[in-house]
Amino acid sequence: MGDSFYFCTSIMIDNFFAKQLLSWHHLENNRILPWKGEKDPYKIWISEIILQQTRAEQGLPYYERFIATYPTIEALAAAPDQEVFKLWQGLGYYSRCRNLLATARQVVAEYGGKFPDQYAQIIQLKGIGPYTAAAIASFAFGIAVPVIDGNVYRVMARYFAAPEPMDTTTGKKKFNELVTSVFDERQPAAFNQAIMDLGASVCMPKQAKCEGCFLSSGCRAYRENSVYVFPVKTKKIAVRHRYFNYYILEVNEELYLQQRPPGDVWHDLYEFFLVESENAGTTDFLDQSLIEEEKPHIFRSKQRLTHQLIESKFSIIKLKKKPRSGFEKGAWIKKINVKNYPFPKTIISFLEEMPYF
DNA sequence: TTCCGGAAAA
DNA sequence: TTTTCCGGAA
């Protein structure tokens with residue numbers, strides 16, 4: 001799957017995506033924002049830094065105040081830090097402001113106030129990463145490099161129903177390939193503006209306007225009614241590590257089984273005697289004089305749940321007779337009948353590996 | 001209360 | 001590779 005599918009979709013239909021996107025952009029995309037169509041790299045840079053992690057509506061008044069107060073990069077470079085921070089106040093992510101000042105001063109000092117026009121130079125500047133470098137390069141200098149921001153991830157993920165998570169290194173690489181496959185190198189600025197606007201005003205995270213979208217007929221997620229499945233992200237839930245030490249207690253062809261308690265994994269399923277611990281368990285729970293034979297750690301398994309990683313170690317302990325107390329929770333079951341009880345997968349693996357039962 | 005989002009530091 | 005940085009909207 002993967003590669004061949006994407007290839008066929010984008011190439012065989014003669015870049016339907018770019019054609020439709022640019023048609024929509026030309027006919028219907030009339031969002032009026034002051035940085036649209038702007039060619040001055042300084043103004044584009046200011047707008048892009050402000051728009052990092054920030055909605056256009058929120059950033060707009062800041063942009064206007066910045067441009068009014070500092071019409072040129074020289075003006076900004078010469079401004080006192082505190083004054084610039086005051087202007088940035090309330091916008092959040094204040095390292096953007098510090099980097100803004102550093103870059104303004106660097107461009108004045110090293111480039112004579114002329115904003116660098118090569119992607120490789122632009123991305124070296126403080127506060128400018130892959131997205132912002134691509135935006136400045138394409139909008140100000142017409143360089144054919146696609147922007148990849150949150151909007152683009154969403155549009156691409158849905159259009160191709162791309163299962164790769166967008167927040168991993170390999171996933172980012174895949175999305176880079178996807179955008180590249182539909183990119184229009186002849187009009188990089190228009191394409192980049194259009195795809196981000198589409199994400200912002202049509203292909204939104206929620207309540208997307210799929211009806212009437214110029215691209216819906218080619219959109220796989222729309223076709224498969226799975227628009228809100230995308231983009232996929234690796235759920236960054238904390239994985240809890242647990243260590244289960246299972247002891248198969250055996251007396252006269254009988255094994256000890258207990259039922260999993262409520263409020264924990266595997267509720268109501270059965271298991272052997274369990275000691276949960278960070279390390280190897282001990283047999284302290286037993287009267288040592290009862291032990292006839294011990295086979296420690298004869299099997300181990302790992303089970304991955306959504307939110308837990310459970311490592312289990314199994315040990316067999318043959319007893320001379322049933323302990324008098326400490327095992328009221330469960331019951332002694334004839335070995336022949338053990339297979340009739342429901343077990344979690346990790347115990348099934350053990351039983352399958354141990355034909356002994 | 002949860003979701004959203006670029007870059008840099010850890 | 002993961003965490004931190006912020007505020008607004010749903």
Can you confirm whether or not the ring centre of A/Y246 sits under 6.0 Å from the ring centre of A/F314? yes

Whole Å only: how far is the CD atom of A/Q52 from the C1' atom of B/dA8? 11 Å

Hey, could you give me each pair passing side chain to side chain donor-acceptor pair (under 3.5 Å) that has a residue in residues 108-117 of chain A? Not counting sequence neighbours. A/Q106-A/E110

Does anything in residues 123-133 of chain A come within less than 4.0 Å of DNA chain C? Heavy atoms only, and list the residues if so. none

If I take atom CD1 in residue A/I50 and atom P in nucleotide B/dG6, what distance separates them, rounded to the nearest angstrom? 15 Å

Which side-chain N or O atoms in residues 65-74 of chain A pair as donor and acceptor under 3.5 Å with protein atoms at least two apart or in another chain?
{"from": "A/T69", "atom 1": "OG1", "to": "A/R65", "atom 2": "O", "distance (Å)": "2.6"}
{"from": "A/Y70", "atom 1": "OH", "to": "A/E83", "atom 2": "OE2", "distance (Å)": "2.7"}
{"from": "A/T72", "atom 1": "OG1", "to": "A/A75", "atom 2": "N", "distance (Å)": "3.1"}

A/F115 and A/W45: ring-ring contact (aromatic ring centres under 6.0 Å, His included), yes or no, with the steps? CA-CA 9 Å; A/F115 211 92; A/W45 167 60; 5.7 Å; yes

Using whole Å, report how far CH2 of A/W45 lies from P of B/dG6. 18 Å

B/dC3 C1' sits how many Å from A/M166 CE, rounded? 12 Å

Between the protein and nucleotides 4-7 of chain C, list every N/O to N/O distance that falls short of 3.5 Å.
{"from": "C/dC6", "atom 1": "OP1", "to": "A/Y94", "atom 2": "N", "distance (Å)": "3.2"}
{"from": "C/dC6", "atom 1": "O5'", "to": "A/Y93", "atom 2": "N", "distance (Å)": "3.4"}
{"from": "C/dC6", "atom 1": "N3", "to": "A/Y93", "atom 2": "OH", "distance (Å)": "3.0"}
{"from": "C/dG7", "atom 1": "OP1", "to": "A/Y94", "atom 2": "OH", "distance (Å)": "3.0"}
{"from": "C/dG7", "atom 1": "O3'", "to": "A/Q58", "atom 2": "NE2", "distance (Å)": "3.4"}

Just list the side-chain donor-acceptor pairs under 3.5 Å for residues 208-216 of chain A, sequence neighbours left out, or say none.
{"from": "A/E211", "atom 1": "OE1", "to": "A/Y222", "atom 2": "OH", "distance (Å)": "3.3"}
{"from": "A/S216", "atom 1": "OG", "to": "A/C213", "atom 2": "O", "distance (Å)": "3.2"}

Would you mind reading off the distance between A/I122 atom CD1 and B/dG6 atom P, rounded to a whole angstrom? 18 Å

Answer with base, sugar-phosphate or nothing: what part of the nucleic acid does A/T169 contact at a heavy-atom distance below 4.0 Å? sugar-phosphate

Residue pairs fulfilling side chain to side chain donor-acceptor pair (under 3.5 Å) with at least one residue in residues 119-131 of chain A, sequence neighbours excluded: A/E48-A/Y131

Touch class at under 4.0 angstrom, heavy-atom based, for A/R154 against every strand present: sugar-phosphate

State, to 0.1 Å, how close A/V145 and A/S138 come at their nearest heavy-atom pair, and which atoms those are. O-CB, 4.0 Å

What is the distance, to the nearest angstrom, from the CD atom on A/Q207 to the P atom on C/dA10? 8 Å

Distance flag, aromatic centroids of A/Y247 and A/F285, threshold under 6.0 Å: yes

Please state how far atom CG in A/D149 lies from atom P in B/dA7, giving the value in whole angstrom units. 10 Å

A/Y63-A/W35 aromatic ring centre distance below 6.0 Å: yes

Rounded to whole Å, how long is the line connecting atom NZ of A/K233 with atom C1' of B/dC3? 7 Å

